[in-house]
Amino acid sequence: MPLALLALAVGAFGIGTTEFVIMGLLPEVADDLNVSIPTAGHLVSAYALGVVIGAPLLAAVTARLSRRTVLIGLMVLFVAGNVLSAFAANYDYLLAARFLSGLPHGAFFGVGAVVATTMVAPERKARSVSLMFLGLTVANVVGVPAATLMGQHLGWRATFLGVSVIGLVAIASLALLIPHDHAHAPKVGLRGELAALRSLPVWLALGTTVAGFGALFSAYSYITPMLTDAAGFADGSVTLLLALFGVGATAGNLMGGRLADRSLRGTLFGGLTSLAVVLALFPLLMTTEWTAALAVILLGMAAFVTGSPLQLMVMEKASAGPSLASSANQAAFNLANAGGAWIGGLALAAGFGATSPALAGAVLAVLGLGVAATAATVDRRRAVPGRERVVAAHVPEQATALQS
């Protein structure tokens, strides 16, 4: 695997850290800025909104720029957002800075995934995407706990300055390691990128992402009350258990990359099925502490096995203009975050019990399987006779645009 993937992973590590660390620092931020914790919680939503808006917008605006330049520019914007967060004078400024920090998130992963797949042989594409995503999953194991401790001991502003330093390292790594093959503007401009989004298979792939990761966030958003109220863990144990989720996600991400290079759709179906089963078993697994810890690991593994297959699926179906569609998949991921949390909250509010968000998530995973099955059916109808699997990345760009 090319060393340039390390540069993408460093950027992903910084992005993953800044996205999730705010959740552990809400009490410190709320106290320092004289707002309530629920009000401080809007900082999470502001970042997510930035991701959803920024992913397709920045990918479209930068469609005619070289991908190397785009990646470096996105990390510059990321650093600026975190520096502004560190020096925010009040809550409103911090809210705006968090929105700014979220803008480059989706486009970085989207464009980065395209760059990663072009640097390896076709049979290693999914693995290259999983190695970039490795930075995101490792952030949950190492980056977020370390940044949270930093914020608790040195102040929350120090955390954002620390993340800014990671961003500067990522900029230097990208400038040094990304091949100059990506220093030229891609042949497909904005028109080609938009044309790729008119493809039904692209939207089915995006729909699978929303349903599949909505299943994850339906449960994960309420994992703390499950662990404390159902499994009986003390509040102080939750941080360690969330690190176990990161370990499971890291293992699942690497496993998904390897398996998807052998069978992209098979890995996707297997991951969604495993996710549905794990979530359906949550009421049983949350009855003892050791089975609850196992459930947290299995949840991370089952969910992130599907990460790189879904990303690669979207890119292949939009091969005529992959950057915009790939970035849109990251927006879909964050829509899944918000939608899954909302659906899980409805289950809790209805009085179905502490583990009911997991059961709601199991239903969403089955829905994701249904969307994936529909996509497979559409692919079979469009398949060229005599070919076992149609990979859009091997179809000439003009022909793919016409088919779309």
Side-chain angles (χ1 to χ4, degrees), residues 10-62 70-110 135-136 139-140 143-172 217 221 327 330-331 333-335 337-338 341-342:
V10 172
F13 179 81
I15 289 174
T17 300
T18 202
E19 178 181 17
F20 295 111
V21 74
I22 189 65
M23 301 173 188
L25 295 177
L26 286 182
E28 287 77 12
V29 173
D31 182 62
D32 184 51
L33 298 180
N34 296 315
V35 296
S36 67
I37 289 182
T39 299
H42 294 159
L43 296 170
V44 178
S45 303
Y47 184 94
L49 182 62
V51 177
V52 173
I53 293 176
L57 179 62
L58 291 179
V61 169
T62 60
V70 171
L71 288 171
I72 293 173
L74 291 171
M75 286 310 301
V76 169
L77 183 60
F78 169 80
V79 170
N82 281 280
V83 170
L84 290 173
S85 296
F87 292 102
N90 54 46
Y91 171 77
D92 291 334
Y93 281 109
L94 181 58
L95 193 69
R98 286 295 292 170
F99 175 80
L100 180 65
S101 299
L103 286 176
H105 177 131
F108 181 87
F109 279 105
L136 180 64
N140 282 281
V144 173
T148 301
L149 286 175
M150 178 188 292
Q152 291 171 344
H153 289 86
L154 301 178
W156 62 269
R157 297 177 188 275
T159 293
F160 290 114
L161 287 177
V163 172
S164 300
V165 172
I166 298 174
L168 292 175
V169 173
I171 291 171
F217 287 111
S221 301
S327 300
Q330 294 300 311
F333 179 89
N334 277 269
L335 286 174
N337 188 342
W342 177 69

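One is the number of the first residue; the rest follow in order along the sequence. Excluded from the calculations below are hydrogen atoms, water molecules and symmetry mates; all remaining heavy atoms, backbone and side chain alike, are included.
The distance from the CG atom of L154 to the CG atom of L149 is 10.0 Å, given to the nearest 0.5 Å. Annotation: the span from S85 atom OG to L43 atom CG amounts to 8.5 Å, rounded to 0.5 Å. Interatomic distance, CG of L161 versus CE of M150, reported as 9.0 Å (0.5 Å rounding). A distance of 10.0 Å separates CG of L74 from CD1 of I171, quoted to the nearest 0.5 Å. Atom OG1 of T17 is separated from atom CG of N82 by 10.0 Å, given to the nearest 0.5 angstrom. Going from atom CG of L77 over to atom CG of L58 covers 6.5 Å, rounded to the nearest 0.5 Å.
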Side chains of residues 24-38: which donor-acceptor pairs under 3.5 Å do they make with residues two or more places apart or in other chains?
| unit_1 | atom_1 | unit_2 | atom_2 | d |
| --- | --- | --- | --- | --- |
| D32 | OD2 | W156 | NE1 | 3.0 |
| S36 | OG | T39 | N | 3.2 |
| S36 | OG | T39 | OG1 | 2.8 |

Which pairs of donor and acceptor atoms, one on a side chain in residues 94-104, lie under 3.5 Å apart (sequence neighbours left out)?
| unit_1 | atom_1 | unit_2 | atom_2 | d |
| --- | --- | --- | --- | --- |
| R98 | NH1 | T18 | O | 3.1 |
| R98 | NH1 | T18 | OG1 | 3.4 |
| R98 | NH2 | T18 | O | 3.0 |
| S101 | OG | G81 | O | 3.3 |
| S101 | OG | A97 | O | 2.9 |

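Each of V144, N334, V163 was scored for a side-chain contact (heavy atoms from CB on, under 4.5 Å) with E19, with one residue passing: N334.
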### Query
Step by step, would you call Y47 with F20 a side chain to side chain contact (heavy atoms under 4.5 Å, CB included)?
CA-CA 10 Å; Y47 184 94; F20 295 111; over 6 Å; no
### Message
Using side chain to side chain contact (heavy atoms under 4.5 Å, CB included), reason through L335 and F217 one step at a time and then give a plain yes or no.
### Response
CA-CA 10 Å; L335 286 174; F217 287 111; over 6 Å; no
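Looking at every heavy atom in both residues, A139 comes nearest to P145 through O-CD, 4.1 Å. Shortest non-hydrogen contact noted between V21 and A147 is CG2-CB, 3.5 Å. Minimum interatomic distance between A59 and S327 (heavy atoms only, all atoms of both residues): CB-OG, 3.5 Å.
Here ring-ring contact (aromatic ring centres under 6.0 Å, His included) pairs that include residues 23-44, with residues two or more places apart or in two chains, number zero.
Checking side-chain atoms of N337 against main-chain N and O of F333 turns up no donor-acceptor pair under 3.5 Å.
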